[in-house]
> 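Below: one structure in structure tokens.
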Amino acid sequence: MSDLIHVRGLRLWAHVGVLDFERAEGQWFELDLRLAFDLAPAGRSDALADTLDYSVLISALQRQALSIRCHTLEHYSESMLDLVEELYGPVPVWLELRKCQAPVSGFEGVVAVERERHGSC
């Protein structure tokens, strides 16, 4: 499928990390998502019901970030993929989840995981 909905640069404050203070205090994460979906029906009808409402997803991810407590980006990203499936069913989805400030001495870069689910579309 060539039609994609992109959500880029979604900043989320979450309590994720191996170190105790990361889970206690929280930190910023940044998320990019791609959802594959046939956009032609919405293109013809101009009806929100014919597409995936990305505002619903963004709000759900923001709520999830407030409640999650875990150690790894892998687990956090898995919960995001599960959430997409809960909202839209088994659509193909790709994400990159970035930890904006990894607590590694002398490291100023970004750490990320990239995940995808193929869905059934």
> Does a side-chain heavy-atom distance below 4.5 Å link Leu31 with Met80?
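Yes, close enough: below the 4.5 Å cut-off.
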> Hydrophobic cluster membership, with links at side-chain heavy-atom distances under 4.5 Å among I/L/V/M/F/W/Y: are Val111 and Leu97 in one?
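Cluster IDs for Val111 and Leu97 match.
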> Among all residues two or more places apart in sequence or in another chain, which pass the salt bridge (charged side-chain N to carboxylate O under 4.0 Å, His left out) test with Glu116?
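Glu116 satisfies salt bridge (charged side-chain N to carboxylate O under 4.0 Å, His left out) with no other residue.
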> Identify the two heavy atoms, one from Gln64 and one from Ser79, that lie closest to each other, and give their separation to 0.1 Å.
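Reported closest heavy-atom pair: NE2-O, 3.1 Å.
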> Side chains of Leu35 and Leu57, heavy atoms from C-beta outward: is any pair under 4.5 Å?
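A side-chain contact under 4.5 Å exists here.
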> Could I get the full list of side-chain hydrogen bond (donor to acceptor under 3.5 Å, both in side chains) partners for Glu114, not counting sequence neighbours?
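Glu114: side-chain hydrogen bond (donor to acceptor under 3.5 Å, both in side chains) contacts with Trp94.
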> The criterion is ring pair (Phe, Tyr, Trp, His ring centres under 6.0 Å); which residues satisfy it with Phe29, sequence neighbours excluded?
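Phe29 satisfies ring pair (Phe, Tyr, Trp, His ring centres under 6.0 Å) with Tyr76 only.
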> For the residue pair Leu33 and Leu10, establish whether any side-chain heavy-atom pair is separated by less than 4.5 Å.
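No, their side chains stay 4.5 Å or more apart.
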> Is Leu19 isolated, or which residues cluster with it under the ILVMFWY side-chain rule of less than 4.5 Å, directly or via members?
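Answer for Leu19: Phe21.
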> Which residues pass the side-chain contact (heavy atoms from CB on, under 4.5 Å) test with Ala47, not counting sequence neighbours?
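With neighbours one apart ignored, the set is Ser45, Asp50.
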> Any donor-acceptor pair under 3.5 Å linking the side chain of Asp32 with the backbone of Leu95?
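Pair absent, no side-chain N/O of Asp32 close to backbone of Leu95.
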> Going hydrophobic residue to hydrophobic residue with side-chain gaps under 4.5 angstrom, can you get from Val104 over to Trp28?
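Hydrophobic grouping puts Val104 apart from Trp28.
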> Could I get the full list of side-chain hydrogen bond (donor to acceptor under 3.5 Å, both in side chains) partners for Arg8, not counting sequence neighbours?
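By the side-chain hydrogen bond (donor to acceptor under 3.5 Å, both in side chains) rule, Arg8 matches His6.
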> Testing Ile5, Asp46, Asp38 for side-chain contact (heavy atoms from CB on, under 4.5 Å) with Thr51, which one passes?
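Among the candidates, only Ile5 passes.
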> According to side-chain contact (heavy atoms from CB on, under 4.5 Å), who are the partners of Asp53, at least two apart in sequence or on a separate chain?
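Scan of Asp53 (side-chain contact (heavy atoms from CB on, under 4.5 Å), adjacent residues dropped) gives Leu48, Ser55, Val56.
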> What residues form a side-chain contact (heavy atoms from CB on, under 4.5 Å) with Val110, not counting sequence neighbours?
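Residues passing side-chain contact (heavy atoms from CB on, under 4.5 Å) with Val110: Arg98.
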> By the salt bridge (Lys or Arg N to Asp or Glu O under 4.0 Å) test, which pairs, at least two apart or in different chains, include something from residues 14-27?
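Counting only pairs at least two positions apart or across chains, the salt bridge (Lys or Arg N to Asp or Glu O under 4.0 Å) contacts touching residues 14-27 are Asp20-Arg23, Glu22-Lys99.
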> Can you check whether Leu12's main-chain N or O pairs, donor with acceptor, with Glu30's side chain at less than 3.5 Å?
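Side chain of Glu30 to backbone of Leu12: no pair is present.
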> At their closest point, which heavy atom of His15 faces which heavy atom of Ala24, and how far apart are they?
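Of all heavy-atom pairs spanning His15 and Ala24, the closest is CD2-O, 3.4 Å.
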> Are Tyr54 and Leu83 in one and the same hydrophobic cluster, where Ile, Leu, Val, Met, Phe, Trp and Tyr link if side-chain heavy atoms are under 4.5 Å apart?
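As far as the 4.5 Å side-chain criterion goes, Leu83 and Tyr54 are connected within one cluster.
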> Donor-acceptor pair, Gln27 side chain versus Val16 backbone, under 3.5 Å?
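Yes: the side chain of Gln27 pairs with the backbone of Val16.
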> Can you list everything that forms a side-chain contact (heavy atoms from CB on, under 4.5 Å) with Gln101? Sequence neighbours excluded, please.
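Per chain and number, Gln101 pairs via side-chain contact (heavy atoms from CB on, under 4.5 Å) with no residue.
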> What heavy-atom pair brings Asp3 and Ala40 nearest, and what distance separates the two atoms?
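Heavy-atom minimum between the residues: OD2-N, 3.8 Å.
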> Which heavy-atom pair separates Val91 from Ala36 by the least distance, and what is that distance?
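Heavy atoms of Val91 and Ala36 come nearest at CB-O, 3.9 Å.
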> Return each pair, listed once, that meets salt bridge (Lys or Arg N to Asp or Glu O under 4.0 Å) where at least one residue sits in residues 60-84; pairs must be two or more places apart or across chains.
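Sorted result for residues 60-84: Glu78-Arg115, Glu78-Arg117, Asp82-Arg117.
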> Test of understanding: with side-chain hydrogen bond (donor to acceptor under 3.5 Å, both in side chains), list the residues that count as partners of Arg11, not counting sequence neighbours.
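Listed in chain order: nothing, the list is empty.
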